[in-house]
Amino acid sequence: LFCTSIILSLMLVEGVLIVQKKYLEKKNYNLKIQQYKNFTKANFDERSKIKVYEDLKNKNQNVSIVYAPKNYFNPKKNQIMPLSGISLKKGINCNESGYYTYFFSDRYGFNNDDKLWENKTNDYLLLGDSYGFGACVKSKKNISSILRDKHKYKRLINLSWPGNGPLTEFATLREYINLIKPKKIIIQYYSNDLINLQKELKNPILINYLNDDNFSQNLIHKQDEVNKWTENIIQKEFNKFKTKKNDTNFKKISSIFIFFKLNNIRSFLKIGANKKVYKNYLNQYEKIMKKFKLLSDKYNSELIFIYMPSHSEIKNVILKKNSYEIEKRQLVLNVIKKLDIKIINTADAILKINDPLTVFPFKSPNHYNEKGYRIVADELAKHLN
């Protein structure tokens with residue numbers, strides 16, 4: 001009776017959380033569409049990313065989906081660990097402002113003009129996650145493009161990719177630095193980086209980069225293999241989408257499965273657990289940053305750390321509320337100061353503007369919009385001089 005009452009109570013709580021979540025999602029979604037209509041006469045593009053992919057494929061476009069390296073965190077035997085996407089294709093980015101954005105990948109699958117690789121050296125190298133990549137804005141409006149076009153830092157290569165954490169970024173640097181030989185290496189940091197590190201440290205290939213200074217996958221010579229792996233996975237996802245989109249039975253079974261897994265309760269409990277992650281993984285993070293420092297010194301490059309604040313951090317500062325986000329920021333910045341790495345804290349620049357939350361689409365907790373990326377790029381340009 002005791003066990004049954006606990007199980008029934010958990011299921012009841014899960015049911016309430018599901019209803020609440022769906023209500024809030026619907027409410028926020030309708031609000032977002034209404035806000036979009038207030039700004040523009042165009043319709044909000046409500047298609048899923050895989051539906052956009054289908055529509056473009058039907059027009060015979062050479063297109064792919066942004067498929068992040070984090071999706072390879074459980075590699076199969078003899079499989080490489082891609083650190084970029086498919087090369088020389090139109091990539092479907094994301095939609096947070098009412099319209100889908102796209103980019104054209106370079107020869108190594110990164111978000112750059114391919115001609116940049118024809119330079120014998122590039123002076124600047126940007127590493128980061130989706131914020132460094134330029135998620136959900138047009139290619140010309142991301143950080144690296146603004147630095148090149150507005151601030152005339154023409155020789156800048158962007159090796160960022162959505163979902164990257166510190167160890168993936170270090171692995172990326174190891175694989176491609178010899179092609180670039182940068183004068184300055186810019187590492188972009190966002191508040192979920194140490195959560196990503198928790199997953200990265202379970203990946204046997206990424207661990208090799210941390211423990212073996214001579215380890216390499218030679219990815220610059222395996223782009224065809226990267227393309228093949230990624231295209232196969234995207235095609236499998238696309239086939240699943242076509243099978244499931246009209247399968248009501250599958251949707252019902254999927255909903256029941258999610259309910260009995262108690263996903264919402266587990267997610268709620270993870271909030272507290274994530275706070276411990278920062279302190280538990282700070283030592284590993286410091287070890288990785290030391291590796292960054294040694295590698296940059298080897299190539300006579302200056303290492304620059306750029307901090308980008310989250311929506312909740314900015315909101316709590318505005319409301320003058322105590323926030324664990326601010327505490328997390330200080331924990332990380334203390335590590336960077338200890339290693340004598342140059343810090344650019346863009347939180348100060350964002351908080352100076354009239355309404356800081358306007359750096360996010362509709363002031364909601366998404367990626368930065370064009371305004372947000374522009375402020376970060378302008379702040380970075382001041383220090384690059």
| said: I need the full list of disulfide (SG to SG under 2.5 Å) pairs touching residues 138-185, with sequence neighbours left out, sorted by first then second residue. | reply: none

| remark: Taken in chain and number order and not counting sequence neighbours, the residues that satisfy side chain to side chain donor-acceptor pair (under 3.5 Å) with K338 are E286

| query | Under 4.0 Å between a Lys/Arg side-chain N and an Asp/Glu carboxylate O for D213 and K291? | reply | yes

| Excluding sequence neighbours, so at least two apart, what forms side-chain contact (heavy atoms from CB on, under 4.5 Å) with K371? | I353, T358, N369, R374, I375

| task | May I have all residue pairs that pass disulfide (SG to SG under 2.5 Å) and include part of residues 90-187, sequence neighbours excluded? | result | C94-C136

| field | Considering all heavy atoms, the nearest M289-F305 contact | value | CE-CD1, 4.5 Å

| query | Looking at residues at least two apart in the chain, or sitting in another chain, which of them share a ring-ring contact (aromatic ring centres under 6.0 Å, His included) with Y299? | reply | none

| note | ring-ring contact (aromatic ring centres under 6.0 Å, His included) filter on F360, not counting sequence neighbours, yields H311, Y368

| For the side chain of E169 and the backbone of I187, is there at least one donor-acceptor N/O pair under 3.5 Å apart? | no

| message | When you measure from the side chain of E96 to the backbone of P361, do you find a donor-acceptor pair of N or O atoms at a distance under 3.5 Å? | response | no

| task | Could you tell me which residues satisfy side-chain contact (heavy atoms from CB on, under 4.5 Å) with H383, sequence neighbours excluded, listed by chain and number? | result | K342, I344, E379

| Donor-acceptor pair, side chain of N158 and main chain of N111, under 3.5 angstrom | no

| message | Side chains of N334 and Q330: any donor to acceptor distance under 3.5 Å? | response | yes

| field | Under 3.5 Å: donor-acceptor pair, side chain of Q188, backbone of D129 | value | yes

| field | Shortest non-hydrogen contact between K154 and L116, atoms and distance | value | O-CD2, 3.3 Å

| Taking a hydrophobic cluster as the set of Ile, Leu, Val, Met, Phe, Trp and Tyr residues connected by side-chain heavy atoms closer than 4.5 Å, whether directly or through intermediates, do F104 and L159 fall within one such cluster? | no

| Distance (rounded to the nearest 0.5 Å) between I288 CD1 and Y285 OH | 8.5 Å

| task | Rounded to the nearest 0.5 Å, what's the gap from CD1 on I314 to NZ on K363? Could you check? | result | 12.5 Å

| request: For N95 and Y99, indicate whether the former's side chain and the latter's backbone hold a donor-acceptor pair under 3.5 Å. | output: yes

| Just wondering, are more than 12 heavy atoms of other shown residues or ligands nearer than 6.0 Å to NZ in K184? | yes

| request: Determine yes or no for a side-chain-to-main-chain donor-acceptor pair under 3.5 angstrom, with T172 supplying the side chain and T168 the backbone. | output: yes

| message | I need the M81 CE to L206 CG distance, nearest 0.5 Å. | response | 4.5 Å

| remark: In short, V137 meets E370 closest at the heavy-atom pair CG1-N, 3.7 Å

| message | Donor-acceptor pair, distance only, cut-off 3.5 Å: does the side chain of Q61 make one with the backbone of L56? | response | no

| message | Please determine whether residues L339 and L295 belong to a single hydrophobic cluster, defined as Ile, Leu, Val, Met, Phe, Trp and Tyr linked transitively by side-chain heavy-atom distances below 4.5 Å. | response | yes

| said: Is it the case that the side chain of S160 and the backbone of G128 share a donor-acceptor pair, with hydrogens and angles ignored and the cut-off at 3.5 Å? | reply: yes

| request: In plain terms, say whether K115 and D113 are close enough for a salt bridge, that is, a side-chain N and a carboxylate O under 4.0 Å apart. | output: no

| From N203 atom CG to L167 atom CG, the distance as rounded to the nearest 0.5 Å | 8.0 Å

| request: Answer yes or no: are there more than 12 heavy-atom neighbours, outside K49 itself, under 6.0 Å from its atom NZ? | output: yes

| request: Indicate the atoms forming the closest heavy-atom contact of L282 with L331, along with that distance. | output: CD1-CB, 3.8 Å

| remark: Hits for side chain to side chain donor-acceptor pair (under 3.5 Å) against N232, two or more places apart or cross-chain, chain-then-number order -> none

| task | Report yes or no: does K181 contribute a side-chain atom to a donor-acceptor pair with the main-chain N or O of N178 at less than 3.5 Å? | result | yes

| task | Compute whether any side-chain donor of one residue and acceptor of the other, for E54 and N58, lie under 3.5 angstrom apart. | result | no

| request: With sequence neighbours excluded, tell me which residues meet side-chain contact (heavy atoms from CB on, under 4.5 Å) with K89. | output: N62, S64, I86, S105, E231

| message | Is any side-chain heavy atom of S296 closer than 4.5 Å to one of E302? | response | no

| query | Taking all atoms of both residues into account, what is the closest heavy-atom pair of N164 and P69, and its distance? | reply | OD1-CG, 3.9 Å

| If two hydrophobic side chains count as joined below 4.5 Å and joins carry through other members, does L88 share a cluster with Y67? | no

| request: Test E200 against I207 for side chain to side chain contact (heavy atoms under 4.5 Å, CB included), laying out the working first. | output: CA-CA 8 Å; E200 292 173 330; I207 283 293; over 6 Å; no

| remark: Taken in chain and number order and not counting sequence neighbours, the residues that satisfy side-chain contact (heavy atoms from CB on, under 4.5 Å) with F215 are R174, I205, N208, Y209, D212, Q217

| task | State whether D55 and K51 are salt-bridged, where the test is any N-O pair (Lys NZ or Arg NE/NH1/NH2 against Asp/Glu carboxylate O) under 4.0 Å. | result | yes

| Minimal non-hydrogen separation, E313 against A347, with atom names | OE2-CB, 4.4 Å

| request: State whether the side chain of R148 and the backbone N or O of L156 hold a donor-acceptor pair below 3.5 Å, judged by distance alone. | output: yes

| field | Which residues share a ring-ring contact (aromatic ring centres under 6.0 Å, His included) with F110, sequence neighbours left out | value | Y176

| Rounded distance [0.5 Å steps], CG in N122 versus CD1 in I157 | 4.5 Å

| field | Working for side chain to side chain contact (heavy atoms under 4.5 Å, CB included), residues N93 and Y100 | value | CA-CA 7 Å; N93 199 341; Y100 274 93; over 6 Å; no

| request: Would you please name every residue forming a ring-ring contact (aromatic ring centres under 6.0 Å, His included) with F238, sequence neighbours left out? | output: Y53

| query | Taking the six-membered ring of Y102, is NZ or CZ of K90 closer than 6.0 Å to its centre and within 45° of its axis? | reply | yes

| message | Check this for me: K315, atom NZ, are more than 12 non-hydrogen atoms of other residues, nucleotides or ligands nearer than 6.0 Å? | response | no

| note | d(N112 CG, D106 CG) to nearest 0.5 Å is 5.0 Å

| query | In terms of ring plane angle, is the pair Y307 and Y189 parallel, tilted or perpendicular, where the classes change at 30° and 60°? | reply | parallel

